[in-house]
Each structure stands twice: as C-alpha cells, then as structure tokens.
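Comments concern the structure below.
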2 protein chains.
Amino acid sequence: MALEHAILVSLEERPGTGYELARRFGKSIGFFWAATHQQIYRTLKRMVGLGWVTGEEIAQDGRPDKRLYRVADAGRVEVARWLAEAGEPTTLRHELSVKVRGASLGDVAAVTAEVARHRDVHAQRLDAFLAIERRDFPDPTALAGQRLHQYLVLRGGVRAERALVEWCDEVLAAMREDDRR
Amino acid sequence: MALEHAILVSLEERPGTGYELARRFGKSIGFFWAATHQQIYRTLKRMVGLGWVTGEEIAQDGRPDKRLYRVADAGRVEVARWLAEAGEPTTLRHELSVKVRGASLGDVAAVTAEVARHRDVHAQRLDAFLAIERRDFPDPTALAGQRLHQYLVLRGGVRAERALVEWCDEVLAAMREDDRR
DNA sequence: TGGCCCATGTAAGCGGTTACATGATTGA
DNA sequence: TCAATCATGTAACCGCTTACATGGGCCA
C-alpha cells in the first residue's frame with residue numbers, strides 16, 4: 001500500500017488539511033496516485049494513530065474548523081524505510097484492453113467508438129502534462145534534487161499518456177481497416 | 001469492475017476450470033488484468049449465481065474432481081452490454097513514481113537502485129511480449145477479427161512496457177548525472 | 001524423500017468506492 | 001437564488017490480498 005506514503009511525501013513538501021490534500025490528489029501527485037477525500041480523511045486518522053503525522057486543530061470563523069497535518073518524526077522514519085524497500089513493478093490493469101480483446105463478442109463498432117473516446121481523453125491529459133512541463137520546467141538540464149524528481153515524475157506521465165494515445169491510434173487504424181474489408 | 005468480464009471473455013475463447021483460468025490469468029489475458037486463484041474461484045461462484053456461466057462437475061480418478069465452466073446465454077448478453085458501455089479511462093497508479101517524487105526524503109541511491117531493478121523487470125516483460133509477437137503474429141497485416149484484436153492488445157503491452165523501460169532509463173540518466181554534480 | 005502439479009476452497013482483514021450528511025460563506 | 005467552495009465526517013458494501021488447508025499423483 002502506498003496511499004499513506006503518497007500522503008507523507010505530499011505533507012513533507014507542505015503541511016496541509018485533509019481537504020487540501022484531497023485537492024492535491026486531484027492533480028499533481030494525484031496524476032500518479034488517485035484518492036478520494038473519504039479515503040484521505042480515514043487514512044490521516046489512522047496515521048495520527050500510528051504517530052506518523054500530527055493534526056493541529058485550527059478554529060476559524062465564518063468557516064468550518066480545520067486540522068492542519070504535519071509529518072512527525074516517526075513519519076519521516078517510515079518514509080525513509082519505505083523508500084529503501086523493494087516493491088513490485090506495476091502490473092498493468094487495463095479494462096479497455098479487455099474490451100478490445102473481446103470486441104467480437106459484441107458490437108465491434110461500439111468498442112471502436114470507446115477506443116476513440118479514450119484516445120481523446122488521453123490526448124487531453126497529454127496536452128495538460130506538456131503544458132505543465134513547458135510552464136514549470138523550461139530548462140530541465142538545470143534541475144537538481146527535489147525539483148528534478150518532480151520533473152521526472154511528470155515525464156513519466158507524458159510518456160504514459162503518449163503511449164496510450166499512440167496505442168489507441170494503432171487500434172483505431174487497424175480496426176477501421178478490418179471493418180472496411 | 002471487470003474481472004467478471006475478463007473471465008467471460010476468456011471462457012468464450014475456450015471453456016475451462018477455475019484452476020485453468022488462474023493459469024491463463026498468469027499469462028495472456030493476465031498481462032492486462034491480473035487475478036489470483038482465490039479471486040477467480042469466488043468470482044466464478046458468484047457468476048454461476050447470476051446465471052452468467054454454468055459449472056459442470058467432472059469426476060476424475062487419480063486427480064481431484066474439477067468443474068468445467070462455460071459461458072451461458074445470460075453471460076453472453078452481459079458481455080455485449082458491458083462492451084457497449086462507456087468506461088473510465090485508466091488513471092495511472094504508479095508507486096515507483098511516488099518514490100521518485102519523494103526520493104530526497106530518504107536514501108536517493110536506494111531509490112535509484114529500485115528504478116534500475118524495475119527497469120530490468122520491464123525490459124524482460126518487453127522481450128517476452130516481443131517474442132510472442134514474432135512467434136504468433138509474424139504477418140500482422142493479414143490479421144482480422146478476433147486474431148487481430150488479440151494482436152492489438154499485445155501491442156498495447158509492448159508499448160506500455162517499452163514506455164516504462166524508456167522512462168526508467170531517463171530517470172536513471174538524470175539522477176546519476178545529478179549525483180555526479 | 002522432497003517438491004511440483006492438479007484442483008478447490010475457507011477466513012480474516014484491509015483498502016477502495018459510493019452514498020449520504022452538515023452548514024456557513026462567497027460570487028454569479 | 002443557485003451553485004460552488006471550504007471542511008469534515010459516517011455507513012455500507014464490495015473487491016482484493018494473504019494466509020492457511022487438503023490430498024493424491026508424478027518425477028528427480
């Protein structure tokens with residue numbers, strides 16, 4: 001499991017509330033590890049219990065109270081332990097591939113349309129990543145340390161989305177060609 | 001959820017026992033949708049309850065009895081329904097990216113080593129996919145229908161693994177360069 | 001003798017998803 | 001007036017992971 005660790009990494013970059021973390025997981029870190037607010041609140045509670053983070057209650061007026069979470073020493077130890085630990089390389093889990101594989105068991109044209117739809121979503125994500133890359137990392141050769149690491153993760157997103165777009169294009173070309181015959 | 005659907009697709013290609021399906025999910029279809037034998041047995045039971053598959057008990061001597069599963073009509077209807085249904089494009093969930101992003105919170109060299117290890121695993125998977133491609137699909141332009149669809153899914157695996165290998169190489173080059181400075 | 005193959009399962013626990021709930025402030 | 005934002009939560013359910021269990025046949 002890595003949600004705890006993703007939260008720890010994010011909180012070390014900057015302390016925040018559960019709500020704020022949920023928003024971060026809607027972008028940046030969330031591009032590589034998605035999580036909903038319910039998941040985050042529950043996990044934060046557990047992490048307080050483990051002593052990995054501390055939650056400081058902050059009263060606000062005109063707004064609901066909030067709890068600002070910070071990484072505690074035990075959390076820093078845990079991150080370091082996890083970073084050095086060997087993990088399983090990702091196994092793919094790609095529903096669309098299962099649909100393509102089974103396309104002839106139903107309406108092939110519907111599956112083709114679905115591939116086209118996914119293609120567009122991935123193309124949009126790719127554009128978004130490329131825009132961030134241009135805006136935040138105009139000179140990648142000058143990067144070092146944490147900034148370099150952030151850049152490299154973004155590069156992974158670019159590569160993944162590009163691969164997905166290109167695969168969808170290959171599938172569309174082949175299936176349309178097959179349909180024509 | 002798509003495990004049911006992956007099983008239906010696999011059983012339509014060829015009926016099989018839970019054990020056999022578990023082995024299929026250890027390769028071919030399993031490259032794109034992993035599942036353990038416990039998951040498969042439980043899901044098959046549920047699917048019998050739903051009327052999507054039938055399980056024929058077959059006594060064997062010298063070996064445990066087995067149950068041969070086949071897709072029922074209701075299962076065929078369900079596959080067709082699912083194929084035409086719009087699904088969410090994959091969101092990435094990549095633990096190694098989270099580690100790279102947090103590398104400076106621990107032993108950077110350990111994370112670099114982890115990336116190198118993953119690189120090798122992905123390179124091996126890529127080679128395995130390419131070997132299957134050469135062996136089973138020597139002339140892709142001649143493919144149609146179900147065989148074409150199988151080929152296209154394999155192409156997705158090739159593209160995904162290649163993208164991962166190349167990303168790992170980019171990360172390794174950049175992090176080693178950063179280390180040298 | 002030891003380990004792998006065939007073949008199926010139970011049980012416990014965890015993590016993730018979805019629905020529902022509250023309630024004030026701010027801006028269109 | 002309506003919707004969005006800030007901010008946190010409960011509850012139910014489902015799926016997935018891991019450990020444990022059984023037991024004969026086959027091959028080195």
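So that the names make sense, note that chain A is the first sequence line, chain B the second, and so on, each numbered from 1. Computed from heavy atoms alone, side chains included, the values below leave out hydrogens, waters and symmetry copies.
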Handout entry: Nearest-Å distance for atom pair NE2/C1', residues A:His37 and D:dG9
Key = 7 Å
Exercise for the section: Please check the phosphate of D:dT17 (OP1 and OP2 only) for any side-chain N or O of B:Gln39 closer than 4.0 Å. Expected result: yes
Problem - Distance, rounded to the nearest Å, where A:Glu57 contributes CD and D:dA7 contributes P - result: 13 Å
Handout entry: Side-chain ion pair, A:Arg159 and B:Glu170, N-O less than 4.0 Å
Key = yes
Problem - Within 6.0 Å of CD in A:Glu88, more than 12 heavy atoms from elsewhere - result: no
Exercise for the section: Find the distance B:Asp65:CG to C:dC6:C1' and express it as a whole number of Å. Expected result: 12 Å
Problem - N or O in side chain of A:Tyr19 less than 4.0 angstrom from D:dT8 OP1/OP2 - result: no
Exercise for the section: Verify the contact: side-chain N or O of A:Arg46 to OP1 or OP2 of C:dC14, cut-off strictly under 4.0 Å; return yes or no. Expected result: no
Handout entry: Contact under 4.0 Å: B:Arg23 side-chain N or O vs C:dA7 OP1/OP2
Key = no
Problem - 5'-most by nearest nucleotide on DNA chain C - B:Arg93 or B:Gly18 - result: B:Gly18
Practice task
Fit a plane to each ring of A:Phe129 and A:Phe31, take the angle between them on a 0 to 90° scale, and name the class: parallel (under 30°), tilted (30 to 60°) or perpendicular (over 60°).
Solution key: perpendicular
Exercise for the section: Verify the contact: side-chain N or O of B:Tyr41 to OP1 or OP2 of C:dT8, cut-off strictly under 4.0 Å; return yes or no. Expected result: yes
Problem - d(CD, B:Gln38; P, C:dA12) in whole Å - result: 15 Å
Problem - Length of the line joining A:Leu50:CG and C:dC14:P, which is rounded to integer Å - result: 11 Å
Problem - Nearest-Å distance for atom pair CD1/C1', residues B:Ile7 and D:dG15 - result: 12 Å
Exercise for the section: Check the angle between the aromatic planes of A:His122 and A:His118 and answer parallel, tilted or perpendicular using the 30° and 60° thresholds. Expected result: tilted
Completion exercise
Regarding the side chain of B:Arg67, the nearest nucleotide among C:dT18, C:dG9, D:dG15 is C:dG9
Completion exercise
Between CG of B:Leu21 and P of C:dC6 the distance, given in whole Å, is 14 Å
Exercise for the section: Report the distance from atom NZ of B:Lys66 to atom P of C:dA7, rounded to the nearest whole Å. Expected result: 5 Å
Practice task
Examine the base of C:dG15 for any acceptor or donor lying under 3.5 Å from a partner atom in the side chain of A:Arg42, and report the outcome as yes or no.
Solution key: no
Practice task
Report yes if a side-chain nitrogen or oxygen of A:Lys45 is closer than 4.0 Å to either non-bridging phosphate oxygen (OP1 or OP2) of D:dT10; otherwise report no.
Solution key: yes
Exercise for the section: Output yes when at least one side-chain N/O atom of B:Thr17 is less than 4.0 Å from OP1 or OP2 of C:dT8, else no. Expected result: yes
Exercise for the section: Establish whether A:Leu92 and A:Val121 are linked, either directly or via other cluster members, by ILVMFWY side-chain heavy-atom contacts under 4.5 Å. Expected result: no
Practice task
Considering just the side-chain nitrogens and oxygens of B:Gln60, establish if one lies under 4.0 Å of OP1 or OP2 belonging to C:dA7.
Solution key: yes
